[in-house]
Number of protein chains: 2
Amino acid sequence: MVLNKKINYICEKNMISHKCKYAIRALIDIAAQHDPNKPVMSSEIAARQQIPKKFLETILRDLRNSRILHSRRGSTGGYTLLKPASEITTTEIIRIIDGPIALLPCVSLNYYASCEGCDESTCQIKGVFEQVRDKTLGILNHTSLADLRDQYLKNTPQVGD
Amino acid sequence: MVLNKKINYICEKNMISHKCKYAIRALIDIAAQHDPNKPVMSSEIAARQQIPKKFLETILRDLRNSRILHSRRGSTGGYTLLKPASEITTTEIIRIIDGPIALLPCVSLNYYASCEGCDESTCQIKGVFEQVRDKTLGILNHTSLADLRDQYLKNTPQVGD
DNA sequence: TATAAATCCTATCAACTTAGTAGGAATGGT
DNA sequence: ACCATTCCTACTAAGTTGATAGGATTTATA
């Protein structure tokens, strides 16, 4: 990346968004809850995971609208997983929050679009990006929220209650 | 990706930029030239590859500043590769134009930054994105400009001269 | 039934990035 | 001298990101 203006600039281009990282961390936090029936409040998640509270609310709403989470209002409200953590893939989360996994529109499975100005039947660069997509999906599809949670619990021992 | 405003929106988030696609196509065009000593003019590339001329100029300049291309001014001017096409990797091109390959700052080899709000030593999501990075680099490092050019020449037969 | 606490919703915002364009200066061959 | 080319700085409109503001709605409980 050619930086002609700033130096020591933190470049996060093409990376997953902060929002997406927050979403993954929030879901891990919920999945790490002992009792799967006890809803987790957004304020708890915000405090534990260091996520801006108001921003987190919009993220949790997206995840609820996409049928990953269930929510309950009121004083005993909060969020619970709508399906087992082992059935929620990293792919799914990224697709909901950030969108495409592929690096080119014309090789995207869920967000396909033709690359204008390029004849797809003779496209020179399609092949290599199809390979990248397949390898990436291979990993992300096989990494479930349960896997991420187990990693989390291994590294940060929970206090008993 | 949660779209609450627009529908049928073409989402290219996290994908490589148009600029990067233009850069790759321009380099393939130059690499496909019969005589490696005859410079290729930006106007030719722009016409053949359907790239906005002025925009292409800034891209070629970036590639020259990054020592991928050599340029010559004047009426017989143009651009030539500074090293063999087989020694220019897709990784290199993407890094110059778009920057990082990795999906998380904390697993980037060339654009490392710590993810604020996340303890890296106990990070839950680092592992999976390290795997994605390695698989992606495995493919992009082994796909040279020569490979892309050969694909191009196979699909679009050149007129003899 | 009031109240406190939680989710839910719409709107707004500053900073930044993207995909260019404008206008011309510098250079080199004829 | 002329012309074609690269080279350079600056500018712009549109979109995205990472939030925050302010309150409406819902639910358990005193």
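Only heavy atoms go into these numbers, but all of them, side chains included; no hydrogens, no water, no symmetry mates. Letters go in sequence order (proteins before strands), and every chain restarts at 1.
Residue B/Y79 contributes atom OH, which lies 8 Å from atom C1' of D/dT5 at whole-angstrom precision. Rounded to whole angstrom, the span from the CD atom of A/E57 across to the C1' atom of C/dT10 amounts to 13 Å. Rounded to a whole Å, the CE atom of B/M15 is 15 Å from the C1' atom of C/dT18. Here the P atom of nucleotide C/dA6 and the CD atom of A/E44 are 9 Å apart, to the nearest Å. With rounding to whole Å, B/H70 atom NE2 is found 11 Å from D/dT6 atom C1'. For A/K13 and C/dT18, the NZ to P distance is 4 Å, given to the nearest whole Å. Computed from coordinates, the B/K53 NZ to C/dG23 C1' distance equals 13 Å when rounded to whole Å. In this structure, B/Q50 places its CD atom 17 Å from C1' of C/dA19, rounding to the nearest Å.
Nearer the 5' end of DNA chain D, as judged by each residue's closest nucleotide, is the contact made by B/R72, out of A/C20 and B/R72. Nearest-nucleotide assignment on DNA chain C puts the 5′-proximal partner with A/T76, out of A/T76 and A/T58. Mapping B/G74 and B/N14 onto DNA chain D by nearest heavy atom places B/G74 at the nucleotide closer to the 5' end.
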Item to check | Worked check of side chain to side chain donor-acceptor pair (under 3.5 Å) between A/D98 and B/N14 | outcome: CA-CA 8 Å; A/D98 270 2; B/N14 293 9; 3.2 Å; yes

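Counting any heavy atom pair closer than 4.0 Å across all strands shown, B/S43 reaches no nucleic acid atom.
For D/dT25, the base has a donor-acceptor partner in the side chain of A/R73 [N/O atoms by modelled type, under 3.5 angstrom].
One finds a side-chain N or O of A/R64 lying less than 4.0 angstrom from the OP1 or OP2 phosphate oxygen of C/dC9. Using a 4.0 Å cut-off, no side-chain N or O of A/Y22 falls inside it from OP1 or OP2 of D/dT17.
Listed for the B/T58 side chain is a donor-acceptor partner under 3.5 Å among the backbone atoms of B/F55. With hydrogens and angles ignored, the 3.5 Å screen pairs no side-chain donor or acceptor of B/R149 with any backbone N or O of B/A32.
The nucleotide whose nearest atom lies closest to any side-chain atom of A/S17 is, among D/dT9, D/dG18, C/dG23, D/dG18. For B/S75, the side-chain atoms get nearest to C/dG29 when compared with the rest of C/dC8, C/dG29, C/dA22. Residue A/R61 has its side chain nearest to C/dT10 when only C/dT10, C/dT27, C/dT7 are considered. Taking only side-chain atoms of A/K54, from C-beta outward, the nucleotide of D/dT20, C/dT7, D/dA28 with the closest atom is D/dT20. Distances from the side chain of A/H18 to the nucleotides C/dC9, D/dG18, D/dC8 place D/dG18 closest. Checked against C/dC8, D/dC7, C/dT21, the side chain of A/S71 finds its nearest nucleotide in C/dC8. The side chain of A/F55 lies closest to D/dA19 when the candidates are D/dA21, D/dA19, C/dG20.
A salt bridge is absent between B/K135 and B/E130; no separation between the charged side-chain nitrogens and carboxylate oxygens falls under 4.0 Å.
A/I93 contributes atom CD1, which lies 6.5 Å from atom CD1 of A/I88 (distance to the nearest 0.5 angstrom). Summarising the geometry, atom CG belonging to A/L60 is positioned 5.5 Å from atom CD1 belonging to A/I30; distances are rounded to the nearest 0.5 Å.
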